[in-house]
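Scroll down for the structure; my scribbles are underneath it.
Numbers here simply count residues along the sequence, with the first being 1. This one's a predicted model, so the numbers in the text were calculated from it and none came from an experiment.
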Amino acid sequence: MKHLIVFSHLNPESFTKAIVNEVISASEERGDEVKVTDLYSENFDPVLKFPDIQGMFMGGETPSDVKRYQDDISWAEHITFVFPLWWGQMPAMLKGYIDRVFASGFAFKYTETGVDAMLTGKTSNVIIPHGSPTEYYEGSDMYKSLTRIFDGGVFGFCGIKSEITYFGAVPTTSDEVRKKYLLETKNLFK
């Protein structure tokens, strides 16, 4: 399988990166062809600009930096997104990636009969470590809200069938629990 991993964390030594390493290892063990997009190390520009809008809605060319990332998505059969939650949301870097790369005319288009999801047939894992206790996010329905946003509002809207995994209290939990999270990550790709 062609597997694209999209990673968004500014610290290359973070637990989020450890998750990415597990995804790479497990995917390669099962024979996947793997590409990794590390938005921070690649200095991805997350700022939506007028040329992006021209490419999406005004008949202009897609900016070349965006086209490269769209080519990777087109190549992939499966996409894994790994990012932390900051203030209950994806990092701005990843939000900018979605704004610019999951563009109208590439990931979806509006038609007279509604929305045409243009990435149908692709699957994804969304792996989200965060600092808040799991009990807080479950009890406040944050997981439900986040799943609705990521699964329905972003990836599902474009036709990508996704499975979302949350790992809570990462900075304050024990090493034993973090090792369990890494094992759970590996098991997602067996």
Side-chain angles (χ1 to χ4, degrees), residues 1 3-30 32 34-41 44 46 69 73 76-99 101-102 107 117 119 122-190:
M1 175 171 41
H3 187 172
L4 174 65
I5 301 165
V6 178
F7 163 56
S8 183
H9 197 292
L10 55 92
N11 181 358
E13 303 296 321
S14 67
F15 185 74
T16 305
K17 180 62 161 87
I19 291 170
V20 170
N21 292 341
E22 285 298 322
V23 174
I24 293 168
S25 174
S27 297
E28 289 176 344
E29 282 177 20
R30 74 177 186 189
D32 290 354
V34 176
K35 287 185 183 182
V36 178
T37 295
D38 180 341
L39 296 174
Y40 278 92
S41 73
F44 177 77
Y69 292 101
I73 290 171
E77 298 167 293
H78 186 81
I79 307 166
T80 298
F81 298 89
V82 184
F83 58 91
L85 281 182
W86 290 337
W87 287 105
Q89 301 173 50
M90 69 182 82
M93 180 70 83
L94 182 61
K95 177 66 165 80
Y97 171 87
I98 290 168
D99 288 348
V101 177
F102 281 62
L119 300 178
K122 296 185 184 297
T123 57
S124 75
N125 284 89
V126 182
I127 305 173
I128 308 171
H130 59 85
S132 296
T134 299
E135 299 78 19
Y136 172 76
Y137 270 20
E138 286 175 342
S140 66
D141 284 340
M142 280 293 286
Y143 283 162
K144 274 187 185 175
S145 298
L146 291 164
T147 298
R148 185 175 172 112
I149 290 166
F150 296 133
D151 190 30
V154 177
F155 306 118
F157 187 82
C158 300
I160 300 172
K161 183 173 173 33
S162 61
E163 180 180 327
I164 302 174
T165 303
Y166 300 98
F167 295 135
V170 169
T172 58
T173 196
S174 67
D175 285 343
E176 182 179 309
V177 169
R178 283 189 286 272
K179 286 177 185 173
K180 178 180 157 263
Y181 289 163
L182 293 175
L183 181 59
E184 285 179 40
T185 297
K186 192 170 193 92
N187 288 335
L188 290 171
F189 299 94
K190 284 192 172 186

query = Which heavy atom of P84 sits nearest a heavy atom of S8, and at what distance?
reply = CD-O, 3.1 Å
query = Tell me, do L188 and I127 make a side-chain contact under 4.5 Å, heavy atoms counted?
reply = yes
request  = Could you grab the distance from atom NZ of K161 to atom NE2 of H78, nearest 0.5 Å is fine?
outcome  = 11.5 Å
key: Y69 side chain near F44 side chain, heavy-atom distance below 4.5 Å   = yes
key: pair L146-I128: side-chain heavy atoms closer than 4.5 Å   = no
ask   = Can you tell me how far the CD1 atom of I160 sits from the NZ atom of K122, to the nearest 0.5 Å?
value = 7.5 Å
ask   = Which pairs count as salt bridge (Lys or Arg N to Asp or Glu O under 4.0 Å) when at least one residue sits in residues 177-186, sequence neighbours excluded?
value = E22-K186, E29-K186, D175-R178, K180-E184
request  = Could you tell me if the ring centre of Y166 sits under 6.0 Å from that of Y181?
outcome  = no
task = Side-chain contact test, heavy atoms from C-beta onward, threshold under 4.5 Å: evaluate it for V82 versus T80 and give yes or no.
result = yes
message = Counting the benzene-type ring for Trp, do F167 and F15 have ring centres under 6.0 Å apart?
response = no
Only distances under 3.5 Å count here; give the side-chain donor-acceptor pairs of residues 131-138 to other protein atoms, sequence neighbours excluded, each with its distance to 0.1 Å.
none

inquiry  = Do K17 and F7 have side chains that approach each other closer than 4.5 Å (heavy atoms only, starting at C-beta)?
reply    = yes
inquiry  = Looking at K144, I'd like to know if its NZ atom is crowded, meaning that more than 12 non-hydrogen atoms belonging to other residues, nucleotides or ligands lie closer than 6.0 Å.
reply    = no
Side-chain donor-acceptor pairs of residues 89-99 under 3.5 Å, sequence neighbours excluded:
residue: K95; atom: NZ; partner: D99; partner atom: OD1; Å: 2.6
residue: K95; atom: NZ; partner: D99; partner atom: OD2; Å: 3.2

ask   = Taking the six-membered ring for Trp, are H9 and W86 ring centroids under 6.0 Å apart?
value = yes
inquiry  = Using side-chain contact (heavy atoms from CB on, under 4.5 Å), reason through F81 and F155 one step at a time and then give a plain yes or no.
reply    = CA-CA 11 Å; F81 298 89; F155 306 118; 3.5 Å; yes
ask   = Is there side-chain contact between T165 and V126, with at least one heavy-atom pair below 4.5 Å?
value = no
